[in-house]
Amino acid sequence: MCWADTRTYNRDMTTPELPRDDVAAALKARRELGPDYDAAFADSLVERVEQMVQARLNGQLGPRPELDSMVRLKYEQDQARGERKVRTAVAIVSLGVAIPLTGIAAGLHSLAFLVIIWTGIVLINLANAVRRPQ
């Protein structure tokens, strides 16, 4: 998923919060009124959520700018973490493959095979180190 797709997804999926004071006041009123008014409380809350969704669908509410920068930062951190994991995995697999192949080459007394193995491993690790993230 590229950055533009992520930003569009986050803009579409991020909904503004209902005002906390309104929800807190409604909960307090519900406690005072007792369980007889649970249905009315639920209807009121559903109505407010529907209004917020409708406002979002009509384009009246845009994405919050502070969320956009936070999402970008989180996305970049996740990408960097993923890159480090890939590089570490390639290095570990290279060593895991190099050890038995070196042993086979030594058992065969083949210097040419040993040079080919290590040249390939060095080239793979070099290509991975030089590779630029997308």
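As the structure is a prediction and not an experimental result, all values here were calculated from the model.
Under the salt bridge (Lys or Arg N to Asp or Glu O under 4.0 Å) criterion, Arg81 pairs with Asp78, not counting sequence neighbours.
The side chain to side chain donor-acceptor pair (under 3.5 Å) pairs that include a residue from residues 90-101 are Ser94-Asn125, where partners are two or more places apart or lie in different chains.
Note that OG1 of Thr88 and CD of Glu83 are 10.5 Å apart. Values are rounded to the nearest 0.5 Å. A distance of 9.0 Å separates CD in Glu76 from CD in Gln79, rounded to the nearest 0.5 Å.
Connectivity analysis of hydrophobic side chains (ILVMFWY, heavy atoms under 4.5 Å, direct or indirect) links Ile117 to Val93, Val97, Leu101, Ile104, Leu108, Leu111, Phe113, Leu114, Val115, Trp118, Ile121. Through direct or indirect side-chain contacts shorter than 4.5 Å among Ile, Leu, Val, Met, Phe, Trp and Tyr, Ile99 is connected to no other residue. Applying the under-4.5 Å side-chain rule to Ile, Leu, Val, Met, Phe, Trp and Tyr, the cluster around Leu123 consists of that residue alone.
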